[in-house]
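Quick notes on the structure that follows.
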Amino acid sequence: MSFEPRSLPVDAAARAALAAQGLEYRLIDPGDTAAVDAWVDADQRGFHHARPRPEAREFERRVLGERRAHGVYDSTIPEPAVPVATVSSWPAGLSVPGGRSVDGWAVSSVTVAPTHRRRGIARAMMEAELATASKAGAAVAMLTVTEATIYGRYGYAPAAKAATIQVDRRRARWSGPDAPGRVHFVEPAGLADLAPALWRRAVARTPGEIDRWPAIRDRVLGLAEPDSDSSRSLRAIRYDDERGKPQGFATFRVTREPHQPGWVEFDVLAAATDDAERALWRALIEQDFVSGTRGLLRSVDEPLEWLLEDPRAVTVSDVTDHLWIRIVDAIAALGARRYGAAGELVLDIEDPLGHAAGRFTLLVSADGRAVVHAADGAAESAPRRERSRSRSTSAEQVGSRARTAEPRSLKLDVRDLGSIYLGGVRPSVLARAGRITASNAGALDLADRMFAATRAPHLSIWF
Ligand SMILES: CC(C)(COP(=O)(O)OP(=O)(O)OC[C@H]1O[C@@H](n2cnc3c(N)ncnc32)[C@H](O)[C@@H]1OP(=O)(O)O)[C@@H](O)C(=O)NCCC(=O)NCCS
C-alpha cells in the first residue's frame with residue numbers, strides 16, 4: 001500500500017465526540033518540533049517511561065515524521081500544549097501464510113492521561129483509526145498490547161504469539177547440521193545498509209511479522225543513542241552463506257554481575273534462510289563464560305529443541321498473545337493469504353462496528369489461492385466491489401474444481417476471524433470454546449485444513 005499517512009483528514013466523528021467534551025483532537029505536524037516533543041513526552045508518560053534524553057529527541061522526531069500522530073488537547077489544564085491522549089498509526093504490510101503480505105494499518109502509542117481516563121477518549125481514537133484504516137484501503141489493523149482486555153471491544157483479537165526461550169549453556173550440545181556458511185562478528189553500525197533488505201526477506205518468511213519502518217533500524221542497531229550504555233553493550237553477528245552473501249543477522253547483549261557468568265540476551269534474529277536461522281541460533285547459544293542464552297519475543301515453534309542433543313536444555317516461558325489484528329476488509333484480507341486445503345466455505349461474519357460484517361464465500365483452489373465473494377453486495381464498498389469483481393474472473397476458473405455439493409459455513413465474530421486468519425489457532429478450537437458455530441462437522445474440518453499455516457505466526461518486535 002503506497003500511501004502518505006497524513007494525506008487523510010482527521011476523523012470527523014472523533015473530532016466531534018471529543019469537542020463535545022471540550023477537547024481538541026488534531027493531527028501533529030511533524031515540522032512543528034515543539035508539538036512533536038510535547039506529544040512524545042505525553043506518550044512516554046503514558047507508558048511510564050522516562051523522558052527522552054536530548055540526543056534521543058531527534059530520533060523520536062524522525063519516527064513521528066514517518067507516522068500519522070494524533071493528540072487530544074485540553075485547553076483548561078496548566079500545560080495545554082501537552083496532549084492528554086496520544087495515538088499514532090502508519091501503513092505497513094503484514095506477512096500472511098503463503099509468503100504473501102496484506103495491506104495493514106499499524107496502530108501504536110495509545111495513551112490517555114490518568115486525569116482524563118474513562119471518558120471515552122480511547123474509544124473515540126480507536127474507532128477513528130479503524131475508519132481511517134478503511135479509507136486508506138487497509139485490509140487489517142494491527143497492534144501490540146499492554147493489557148489483553150482493552151482492544152477486543154474494537155474487534156481486535158490475538159493472532160500471533162511470542163515466547164521467551166532460554167537455553168542452559170551446560171546442556172546446549174549442538175546436534176543439528178553444520179551450516180555451509182560462516183558467522184562473523186560485525187560492528188552493529190556496519191549492518192545499517194544490509195539490515196533493511198535482510199529484514200524484508202525474514203519478514204516475508206514469517207506470517208505475523210510486519211514490515212520494519214526505516215527508523216527501527218537505528219534503534220535496533222544502537223544508532224539512535226550511540227553513547228548510551230545500552231548501545232555500547234550491543235554486539236552483532238552476521239551469517240554469510242557459502243558464497244559469502246549475507247543471509248541474516250542477530251544482535252545481543254551479555255548481562256552479568258561482576259565476576260559472574262552472564263546471560264546472552266537477544267531479541268533480534270533476522271534470518272532470510274533456514275541455514276542462517278540455525279547458524280545464528282548456534283552462535284548465540286555456544287558462548288562461553290555465560291550461564292545461558294535468553295531469546296525474547298521468539299516463535300512458539302522455533303526448531304531449536306530439534307537441533308540439540310538434549311532438548312531439555314530449552315525452556316519456553318512467558319508465552320503471550322503478542323500481535324493483535326482486526327480485520328477491516330474481509331474480502332481483501334481473505335483474498336490475500338494462501339490456504340492449506342481446497343474447498344468452498346461460507347463465512348457469516350458479525351462485526352458490531354460494521355467494517356467486516358457480512359456473508360462471504362471463500363473459494364480455495366488446489367494451489368491454495370482464494371477467491372472471495374460477498375454473498376450480499378451490500379457489505380461491499382465501491383473499491384471493494386471493484387476488487388472482488390477482478391477476483392471473480394479467476395473464481396470462475398477455479399470454482400468448478402473447488403465447489404462442493406453442500407455449502408459448508410461458519411458463523412463467527414470478527415475477532416474470531418482475526419484469530420484464525422494467520423493460522424495461530426484452529427477454528428475447531430474456537431468452536432469448542434463456543435465462539436464459532438459450524439453448519440456441520442465437515443465445515444469445521446474443512447476450515448481447520450484451510451486456515452492451517454505451515455509456520456506458526458510470529459511477531460518478534462513491539463510496535
Ligand atoms: C488503556 C487506555 C488507553 C484507556 O483509555 P480511556 O480513555 O480511559 O478508555 P475509554 O474511556 O475510551 O474506555 C473505553 C472502554 O475501554 C475500557 N477500558 C479502558 N481501559 C481499560 C483497561 N486498562 N482494561 C480494560 N478495559 C479498559 C473502558 O472500561 C471502556 O469500556 P466500555 O467501552 O465497555 O465502556 C488508558 O487507560 C491508558 O492510557 N493506559 C496506559 C497506557 C496503555 O496501557 N495503553 C495501551 C497501549 S497498548
Side-chain angles (χ1 to χ4, degrees), residues 10-11 13-26 28 38-52 60 63-64 67-74 76-77 79 82-90 92 94 104-133 140-162 208 210 213 216 296-297 318 320-326 350-355 413-415 418-419 459-463:
V10 170
D11 182 75
R15 179 153 54 191
L18 293 166
Q21 297 198 38
L23 301 169
E24 191 195 351
Y25 177 58
R26 64 169 187 257
I28 308 299
W39 187 97
V40 168
D41 282 343
D43 179 25
Q44 297 289 100
R45 186 180 65 191
F47 286 101
H48 311 308
H49 295 326
R51 290 173 192 81
E60 298 292 348
V63 173
L64 275 211
R67 296 189 180 176
R68 185 180 160 87
H70 284 88
V72 177
Y73 295 85
D74 181 347
T76 66
I77 61 174
E79 293 174 359
V82 179
V84 296
T86 60
V87 63
S88 72
S89 50
W90 65 100
L94 166 68
W105 188 255
V107 179
S108 183
S109 299
V110 180
T111 73
V112 176
T115 47
H116 289 69
R117 247 166 227 175
R118 309 300 181 260
R119 289 166 51 170
I121 296 178
R123 174 171 286 278
M125 296 194 304
M126 294 310 297
E127 292 187 0
E129 287 303 327
L130 291 178
T132 306
V140 173
M142 53 210 185
L143 38 75
T144 51
V145 308
T146 51
E147 293 177 83
T149 45
I150 302 173
Y151 296 104
R153 57 177 55 74
Y154 311 115
Y156 289 86
K161 290 185 165 35
I210 76 161
W213 54 97
I216 194 177
L296 308 177
L297 296 182
D318 304 325
T320 177
D321 53 273
H322 183 50
L323 172 71
W324 286 57
I325 66 171
R326 203 279 184 215
E350 287 177 356
D351 180 354
L353 295 180
H355 297 287
D413 183 270
V414 65
R415 291 169 299 171
S419 286
L459 172 70
S460 59
I461 52 168
W462 285 98
F463 68 90

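All ligand and atom numbering here is 1-based and tracks the order in the structure.
Heavy-atom contacts of Tyr151 reach the following atoms of ligand 1: 46 (C), 47 (C), 48 (S) (cutoff under 4.0 Å). Against a heavy-atom cut-off of under 4.0 Å, Tyr154 is close to the following atoms of ligand 1: 14 (C), 15 (C). Near Arg123, with a cut-off below 4.0 Å to any heavy atom, the atoms of ligand 1 are 12 (O), 33 (O). Less than 4.0 angstrom separates some heavy atom of Thr149 from each of these atoms of ligand 1: 24 (N), 25 (C), 26 (N). Near Thr144, meaning under 4.0 Å from any of its heavy atoms, are these atoms of ligand 1: 48 (S). Taking every non-hydrogen atom of Glu147 and a distance limit under 4.0 Å, the qualifying atoms of ligand 1 come out as 23 (N). Taking a cut-off of under 4.0 Å to the non-hydrogen atoms of Gly120, the atoms of ligand 1 that pass are 10 (P), 11 (O), 12 (O).
Residue contacts with ligand 1: Val145 is placed with no nitrogen or oxygen under 3.5 Å of a nitrogen or oxygen of the ligand (distance criterion only). Between Val110 and ligand 1, a contact under 3.5 Å exists for at least one N or O pair. Geometrically, ligand 1 and Gly46 share no nitrogen or oxygen pair separated by less than 3.5 Å. Considering backbone and side-chain atoms alike, Thr111 places every N or O at 3.5 Å or more from each N or O of ligand 1. Checking only distances, His116 never comes within under 3.5 Å of ligand 1, N or O to N or O. The N/O atoms of Thr146, backbone and side chain alike, include one that comes under 3.5 Å of an N/O atom in ligand 1. At a 3.5 angstrom cut-off on N or O pairs, Ile150 does not count as close to ligand 1.
Considering only heavy atoms from C-beta on, Trp462 stays 4.5 Å or farther from Ser108 through its side chain. Contact check for Thr132 versus Ser89: no side-chain heavy atoms found under the 4.5 Å cut-off. Ile150 places none of its side-chain heavy atoms less than 4.5 Å from the side chain of Val110. By the 4.5 Å heavy-atom criterion applied to side chains, Asp74 and His116 are counted as neighbours. You'll find the side chain of Arg45 reaches within 4.5 Å of the side chain of Val82, heavy atoms only. Within the 4.5 Å cutoff, no side-chain heavy atoms of Tyr156 are placed close to those of Val145. Here the side chains of Val40 and Val63 are not in contact, with every heavy-atom distance at 4.5 Å or above. The side-chain heavy atoms of Thr144 and His322, taken from C-beta on, include a pair separated by under 4.5 Å.
Aromatic pair His70/Trp39: centroids not less than 6.0 angstrom apart.
Considering Arg119, Arg117, Arg153 only, the shortest heavy-atom separation from atom 27 (C) of ligand 1 involves Arg153. The residue among His48, Arg118, Met125 with a heavy atom at the shortest distance from atom 21 (C) of ligand 1 is Arg118. Looking at Ala113, Ala124, Pro114, Ala122, it is Ala122 that brings a heavy atom closest to atom 5 (O) of ligand 1.
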* To do: Take Trp324 and Tyr154 through the test side-chain contact (heavy atoms from CB on, under 4.5 Å) and record every step on the way to the result.
  => CA-CA 11 Å; Trp324 286 57; Tyr154 311 115; over 6 Å; no
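Within the 4.0 Å cut-off (strictly below), no protein heavy atom is located near atom 2 (C) of ligand 1. The protein reaches atom 8 (O) of ligand 1 closely, with a heavy atom under 4.0 angstrom from it. In this structure, atom 39 (O) of ligand 1 has protein heavy atoms in its sub-4.0 angstrom surroundings.
Taking a 6.0 Å sphere around CZ of Arg51, one finds it holds 12 or fewer heavy atoms contributed by other residues, nucleotides or ligands.
Within the cation-pi definition used here (under 6.0 Å to the ring centroid, within 45° of the axis), Arg326 does not qualify as a partner of Tyr151.
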